[in-house]
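For reference, the structure discussed in these notes is given below.
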Amino acid sequence: MELELDKPAGLSRLSCRKDMRMKKKIGVIRGDCSSREIVEQTLRVLDALAKKYGHEWEYEPIAMGGDAIDQYGSPLPDHELEKALNCDAVLLGAVGGPKWEGLPGAQRPEKGLLALRKGMGLFSNLRPAKIWPQLADASPLKKEITDRGIDFVIVRELTGGVYFGDHTTTVGEDGVKQALDLMPYDENEIRRIGKVGFETAMKRGKKLTLVDKANVLDTSRLWREVLYDLAKEYPEVDFDVMFVDNCAMQICKNPAQFDTIVTENMFGDILSDEASEITGSIGMIPSSSLGEGTRGLYEPIHGSAPDIAGKNLVNPLACILSAAMMLRYSFGMEQEAADIENGVEAVLNDGFRTADMMSEGMNLVGTREMTDALLAKL
Ligand code: IPM
Ligand code: MG
């Protein structure tokens, strides 16, 4: 013990880091179309961090989406879900593409993603919307709005609502087709995500907004009832409610007012795309999906961008930043996560831009070159 204390500070820090070497099993879903490229680049970054910190990653390839349809005829076969359940965390790019578009709903690549979220019990999806000041020029919003800052997070319920209610299409006796999508929520599902909302707000600016459509939907009225009740347990949190249509407008008009938003599955899907766009590029927004434990799924919020697949054009940073969230939330590796985030900041400061976030005077680079620049910062 005394010997430890006698060591120069640098050395004892080093020995401490050595003890923190970890071995983790990471499920890797290559995904479809340009997802392949971003996942490949993200693994380069993870490899570099493993080397730097002495960690060991065991990559478990998992087929999901179009890739799984091609290999097994199903977007998420049981054996692939089983693999995901045996990992410490799962990293994903994105799924879907024109090749599988004609398939019936239940066999589409997206169904694999929904089954994976459900099968892993990932009811809580965090989507940060934070403007990188370096990208403010790429935001479609006026400078006077971006100058006030954008830094909020959407806590999206991920395993309930209309995504998982019954979907049916029938033909009536008169030959008229009718389709029905049900949006069920029970109070327990609402309470557990509501808690995540309040806890997230507590760690941030202590302001929580429930976004709903309580002027029309029963589900929304139940959300309000449950969240007003929960709010009593979090007296420090400034809690308010907002209709989703108004929220869509407020996100462009005055995004600085938001700190933490909690909302049901489909509203969260829609608002998070809008929120990402105002920060400069959807190609920069990572996400984490968690359930009760630490095993999460990490994916960029953007799609598989089939139009630019295989051209070294896609922005790898949202996927790489998703890996940072994985290191932090599933593995507790704060320093390693910060390395990625600081590295991203540094490459943006150096002027590197992929096409999606290009603005005048910047240095346009491809997927690989962006990652090279980031690796040089690690
Ligand atoms: C997302 C995507 C998915 C969703 C699609 C691909 C099913 O848009 O993660 O936001 O709607 O959840
Ligand atoms: Mg979406």
Side-chain angles (χ1 to χ4, degrees), residues 29-36 38-39 62-69 74-76 81 84 90-129 153-165 167 181-183 185 189 193 211 244 247-248 251 261-279 281-291 296-307 309 314-315 318-319 321-322 325-326 356:
I29 303 177
R30 286 196 311 162
D32 304 322
C33 306
S34 55
S35 170
R36 307 274 169 105
I38 57 175
V39 171
I62 298 171
M64 193 272 284
D67 187 23
I69 295 174
S74 151
L76 183 66
L81 172 60
V90 178
L91 180 76
L92 158 69
V95 295
K99 184 174 174 194
W100 307 280
E101 226 132 71
L103 294 171
Q107 292 159 35
R108 289 172 62 97
E110 291 80 1
K111 197 72 189 177
L113 179 57
L114 302 187
L116 183 68
R117 289 170 176 170
K118 191 79 169 180
M120 292 177 72
L122 309 172
F123 60 85
S124 153
N125 180 218
L126 261 56
R127 302 190 157 189
V153 58
I154 297 181
V155 178
R156 170 186 176 195
E157 199 292 323
L158 203 61
T159 52
V162 72
Y163 276 67
F164 294 92
H167 308 282
D181 298 291
L182 291 181
M183 188 189 217
Y185 269 113
E189 285 176 290
I193 189 71
V211 173
V244 64
C247 181
I251 284 177
I261 287 176
V262 64
T263 191
E264 69 88 38
N265 204 343
M266 188 162 67
F267 296 160
D269 175 48
I270 298 168
L271 293 177
S272 60
D273 266 31
E274 183 192 10
S276 68
E277 188 56 30
I278 62 165
T279 65
S281 173
I282 195 170
M284 291 295 293
I285 311 285
S287 85
S288 68
S289 304
L290 285 153
L297 171 68
Y298 298 86
E299 51 173 320
I301 81 157
H302 62 73
S304 60
D307 51 326
V314 59
N315 184 349
C319 193
L321 289 166
S322 300
M325 287 182 109
M326 173 179 80
D356 54 294

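All ligand and atom numbering here is 1-based and tracks the order in the structure. For the numbers below, each heavy atom of this structure counts, side chains included, while hydrogens, waters and symmetry mates do not. Values in this document were obtained by computation on a predicted structure and should not be read as measured data.
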- Query: Judged by modelled atom types alone, do Asp32 and Ser304 share a side-chain donor-acceptor pair under 3.5 Å?
  - Reply: no
- Task: Determine whether any heavy atom of Met266 lies closer than 4.0 Å to an atom of ligand 1.
- Result: no
- Query: Any idea which protein heavy atom is nearest atom 8 (O) of ligand 1, and the distance to it?
  - Reply: Asp269 OD1, 3.2 Å
- Proximal protein heteroatoms (N, O or S) of the Mg ion (ligand 2), under 2.8 Å: Asp269 OD1
- Give the atoms of ligand 1, by number and element, whose distance to some non-hydrogen atom of Arg117 is under 4.0 Å. 1 (C), 4 (C), 9 (O), 12 (O)
- Query: About how many Å separate CG of Asp269 and CE of Met266, when rounded to the nearest 0.5 Å?
  - Reply: 8.5 Å
- Protein contact of atom 11 (O) of ligand 1 - nearest heavy atom, named by residue and atom, plus distance: Tyr163 OH, 2.6 Å
- Message: So that I can tick it off, tell me whether Glu299 and Arg117 are bridged by a salt bridge, with the cut-off set at under 4.0 angstrom between side-chain N and carboxylate O.
- Response: yes
- Side chain, backbone, both or neither: Arg127 near ligand 1, heavy atoms under 4.0 Å: side chain
- Distance under 6.0 Å and angle within 45° of the ring axis: does Arg156 meet both against Tyr163? yes
- Message: Restricting to non-hydrogen atoms, name the atom on Leu158 and the atom on Ser124 that form the minimum distance, rounded to 0.1 Å.
- Response: CB-N, 4.4 Å
- Query: Where do Asn265 and Tyr185 come nearest, in terms of heavy atoms and distance?
  - Reply: N-OH, 3.1 Å
- Message: Keeping Thr279 on the side-chain end and Ala129 on the backbone end, is there a donor-acceptor pair under 3.5 Å?
- Response: no
- Task: For Asp67 and Trp100, work out which heavy atoms get closest and say how close.
- Result: N-CZ2, 4.2 Å
- Specify side chain, backbone, both or neither for Lys111, according to which of its non-hydrogen atoms lie closer than 4.0 Å to ligand 1. neither
- Note on the structure: atom 5 (C) of ligand 1: of Glu110, Glu299, Arg156, the nearest heavy atom sits on Glu110
- Item | Closest contact, heavy atoms only, Ile301 versus Pro286 | CG2-O, 3.7 Å
